[in-house]
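Presented below is the structure to which this report refers.
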Amino acid sequence: MALVLVATFFHHSNAQQPYFDKSHQSKVFGKEKAYRIYLPESYRQARQNYPVIYFFHGWGGRHFKDPSANLDYQKIGELVDKYQFVLVMWDGNMDEAEQRPYNIGDHHDVKFDVQMKDYFPELVAHIDSSYRTLTGRNHRGIIGFSMGGFMSFYIAGKYPDRVSAAVNFVGSPDFFVGLPENHTHYPIKYTFDNLEDVGLLFYNRTNCPMSGLNDEVHQGALWAGLEDYEYHKLEGEHQIDDPGETKIFESAVRFVMDRFEHPMLLDKRWSHYDLCPQFEVWDYSVKSNKNEPGFLFLKNVDSSGFGFYTQKWLPDGPVIKGCHATVSTAPVYAPNTNYEIRVLHSKETEIETIKLQADEEGRLHIELTDSDCEVGISKKGQQPNFVTSGYQLQKNQQFLKTNEKNELALQIFNRGGKSGSDQHLKITLSCADSAVVIHEPVQLVKLKKHAGSFGTKPFRVESDKKPPSDGSPAWLRMEVAMEYDTLHFIDHFL
């Protein structure tokens with residue numbers, strides 16, 4: 001059916017027009033929703049499937065226009081033919097009387113219950129069912145400009161399991177996102193943990209009103225230690241290309257297509273911030289009673305467990321009190337098999353142990369009544385799996401004192417199988433910030449038999465870090481590398 005439909009598109013279209021303006025019935029919006037689609041010339045003859053790039057416009061833009069971006073819609077068709085992909089330009093308009101797209105911004109800008117995070121999967125499903133596309137995440141990317149640049153990193157971070165590459169052209173650095181009565185401040189520079197498995201390209205401009213703010217976002221990306229990240233600061237105004245050119249837009253297309261050709265190796269562990277009380281990511285689902293602004297954080301998720309934390313704001317906000325959640329795992333466990341679930345609650349040393357049976361699909365459904373905890377999942381014969389569950393400074397300090405000798409002890413949680421007696425865990429503490437010196441950064445900890453939670457000896461840490469003069473991250477991001485036999489684990493904390 002799709003082949004006949006597309007043939008009709010080409011038959012009736014002007015030969016000089018490289019795109020089609022179409023629409024579909026959106027359940028999310030409750031009305032017809034428009035989009036613009038480019039199909040390569042080869043689409044008529046070939047029977048192959050094509051990767052898809054989605055373009056997100058900026059303020060005042062629509063699927064057919066973006067006044068500030070200087071897009072040459074005709075020449076973009078040449079890029080679609082050159083690189084052989086499908087390009088979809090979505091419409092972020094919320095209401096015909098509302099120029100501001102996406103239902104994001106300051107408090108008074110969040111006006112609608114409709115959420116663009118719900119519309120993106122719906123649009124993707126429509127495109128994939130209507131056109132010959134490659135439907136896996138490794139063949140789907142996003143390019144966004146200005147407010148659409150913010151949305152590019154936000155949506156890719158919301159759905160890293162559905163998007164493999166994202167490009168941000170002079171994007172807005174932060175916005176409130178959510179419902180009119182419950183929205184959360186989303187700062188891009190502190191949410192790069194969501195994007196660690198997505199290839200990222202970030203363009204800034206020297207004369208853009210947000211130039212300095214986006215320098216700070218860039219510092220946040222460096223602070224997060226991303227593996228696949230590029231940043232370029234170009235001369236010029238708040239735009240993508242000069243009028244009549246597609247040179248910079250093409251560089252974004254080339255970046256995304258390269259990620260399609262050379263997909264990243266996914267980390268065995270992943271972490272995710274989400275401002276929604278219910279969400280799904282990487283085949284895990286979370287349902288909570290969160291009814292106020294803030295974030296739910298799944299940390300270091302793998303088959304041996306995860307951390308569940310809440311924060312009223314990032315990067316170091318207080319917990320959301322009284323937040324309960326049910327975490328349903330991916331189907332990675334033996335169906336109808338019993339597992340030992342161990343929960344280490346924040347600032348406690350005692351471990352709560354329960355038995356839980358995986359369902360027929362191999363999923364575990366774990367109910368959590370604590371806003372901050374580490375969860376271990378194991379069965380007999382499984383290997384140990386170590387994470388940091390906290391740290392402690394002398395005299396119960398919360399922060400390092402500058403130009404003084406600090407003593408920092410780590411709390412370690414084995415959330416996997418039991419460790420053997422008289423074996424050792426090698427722990428290396430480091431920090432990428434040159435203002436930090438760690439004396440004797442390596443410890444060899446002798447493990448007691450079946451050790452569950454234990455502390456290290458204090459590391460001696462000195463820092464002469466000064467508060468940044470701009471809004472770059474002021475926090476120290478510490479890395480903990482742990483080696484047990486042939487196993488290696490990496491963790492981070494602020």
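The first residue in the sequence is number 1, and the count goes up from there.
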Run the numbers on Phe56 and Ile155 for side-chain contact (heavy atoms from CB on, under 4.5 Å), then give the verdict. CA-CA 10 Å; Phe56 296 172; Ile155 292 294; 4.1 Å; yes
Hey, what do you get for OG (Ser211) to CD (Glu216), rounding to the nearest 0.5 Å? 10.5 Å
Under a 3.5 Å threshold, yes or no: a donor from one side chain and an acceptor from the other, between Thr388 and Asp491? yes
Any carboxylate oxygen within less than 4.0 angstrom of a Lys/Arg side-chain nitrogen, looking at Arg415 and Asp302? yes
Is there side-chain contact between Asp316 and Phe399, with at least one heavy-atom pair below 4.5 Å? yes
For Val167, does its backbone N or O pair with a side-chain atom of Tyr203 as donor and acceptor, under 3.5 Å? no
Option among His63, Lys33, Glu32 that satisfies the side chain to side chain donor-acceptor pair (under 3.5 Å) test with Ser23: Glu32
Are Gln219 and Lys189 close enough that some pair of their side-chain heavy atoms sits under 4.5 Å apart? no
For the pair Asn138 (side chain) and Ser164 (backbone), establish whether a donor and an acceptor sit closer than 3.5 Å, ignoring hydrogens and angles. no
Set out, in order, the CA-CA distance, both residues' side-chain angles and the distance that settles side-chain contact (heavy atoms from CB on, under 4.5 Å) for Arg100 and Lys111, then state yes or no. CA-CA 10 Å; Arg100 189 179 189 89; Lys111 302 177 181 179; over 6 Å; no
Nearest heavy atoms of Arg363 and Thr329, plus distance in Å: NH1-O, 3.0 Å
Between Asp241 (side chain only) and Lys247 (backbone N and O only), is there a donor and an acceptor less than 3.5 Å apart? yes
NZ of Lys290 to CG of Leu275: how many Å apart, nearest 0.5 Å? 6.5 Å
Whether over 12 other heavy atoms sit under 6.0 Å from Lys466 NZ: no
I want to check something: taking the side chain as every heavy atom from C-beta on, are Met89 and Leu71 in contact at a cut-off of under 4.5 Å? yes
Neighbour count >12 (heavy atoms, 6.0 Å) for atom CD, Glu181: yes
Candidate pair Phe493 and Leu410, rule side-chain contact (heavy atoms from CB on, under 4.5 Å), full reasoning: CA-CA 10 Å; Phe493 66 91; Leu410 302 177; 3.7 Å; yes
In terms of ring plane angle, is the pair Phe169 and Phe249 parallel, tilted or perpendicular, where the classes change at 30° and 60°? parallel
Does the plane of the ring in Tyr231 sit parallel, tilted or perpendicular to the ring in His218? Use 30° and 60° as the thresholds. parallel
Nearest atoms (heavy-atom pairs only) where Asp215 meets Lys233: OD2-NZ, 2.8 Å
Partner of His185 by ring-ring contact (aromatic ring centres under 6.0 Å, His included), out of Phe175, Phe176, Phe295: Phe176
Specify the closest pair of heavy atoms between Asp91 and Met116, including all atoms of both residues, with the distance to one decimal. O-CE, 4.3 Å
Side-chain contact test, heavy atoms from C-beta onward, threshold under 4.5 Å: evaluate it for Phe29 versus Met94 and give yes or no. yes
Should Val281 and Trp270 be marked as a side-chain contact (heavy atoms from CB on, under 4.5 Å) after you check the CA-CA gap, both sets of side-chain angles, and the distance that decides it? CA-CA 10 Å; Val281 63; Trp270 54 268; 3.8 Å; yes
When rounded to the nearest 0.5 angstrom, what is the spacing between CD1 in Ile366 and CD1 in Ile377? 4.0 Å
With a 4.0 Å cut-off on N to O distance, would you call Glu261 and Arg254 a salt bridge? no
Angle between ring planes, Tyr229 versus Phe192, binned at 30° and 60°: parallel, tilted or perpendicular? perpendicular
Which atom of Leu298 lies closest to which atom of Val286, heavy atoms considered: CD1-CG2, 3.8 Å
With no hydrogens and no angle check, is any side-chain donor or acceptor of Thr310 less than 3.5 Å from a backbone partner on Val319? no
Donor + acceptor pair across side chains of Ser389, Glu374 (<3.5 Å): no
Are any of the side-chain heavy atoms of Val86 and Leu39 separated by less than 4.5 Å? yes
Less than 6.0 Å separating the ring centroids of Phe297 and Tyr273? yes
Measuring only between side-chain heavy atoms, which start at C-beta, is Cys431 closer than 4.5 Å to Met478? yes
Does the side chain of Asn168 pick up a donor-acceptor pair with the side chain of Ser152 at under 3.5 Å? no
Provide the closest heavy-atom pair for Lys158 versus His272 in the form atom of the first, atom of the second, distance. O-CE1, 3.8 Å
Straight-line distance of Glu122 CD to Gln25 CD, nearest 0.5 Å: 8.5 Å
Is the shortest side-chain heavy-atom distance between Pro40 and Tyr83 below 4.5 Å? no
Check: Val375 and Phe306 side chains under 4.5 Å, non-hydrogen atoms: yes
Do Asp359 and His365 have side-chain atoms, one donor and one acceptor, less than 3.5 Å apart? yes
Mutual orientation of the aromatic rings belonging to His24 and His126 [parallel < 30°, tilted 30-60°, perpendicular > 60°]: parallel
May I ask you to check if Arg36 and Tyr73 form a cation-pi contact, with NZ or CZ under 6.0 angstrom from the six-membered ring centre and within 45° of the axis? yes
For the CD atom on Glu235, are there more than 12 heavy atoms of other groups (residues, nucleotides or ligands in this structure) within a distance under 6.0 Å? no
Are more than 12 heavy atoms from other residues, nucleotides or ligands located less than 6.0 Å from atom CD of Glu98? yes
So if I apply the ring-ring contact (aromatic ring centres under 6.0 Å, His included) rule between His57 and each of Phe64, Phe150, Tyr102, which one comes out positive? Tyr102
Hey, would you say the Phe260 and Phe85 ring centroids sit under 6.0 Å apart? no
Here the gap from Asn207 atom CG to Gln239 atom CD, rounded to the nearest 0.5 Å, amounts to 9.5 Å
May I ask you to decide whether Asp228 forms a salt bridge with Arg259, counting only side-chain N to carboxylate O separations under 4.0 Å? yes
Give the C-alpha distance, both sets of side-chain angles, the deciding distance and a yes or no for salt bridge (charged side-chain N to carboxylate O under 4.0 Å, His left out) between Arg140 and Asp128. CA-CA 11 Å; Arg140 186 180 299 122; Asp128 286 346; 3.0 Å; yes
Other residues, nucleotides, ligands: >12 heavy atoms within 6.0 Å of Lys287 NZ: no
From OG (Ser328) to CD (Glu367), nearest 0.5 Å: 9.5 Å
Ignoring hydrogens, what is the shortest heavy-atom contact between Asn291 and Asn182? Give both atom names and the distance. C-ND2, 3.3 Å
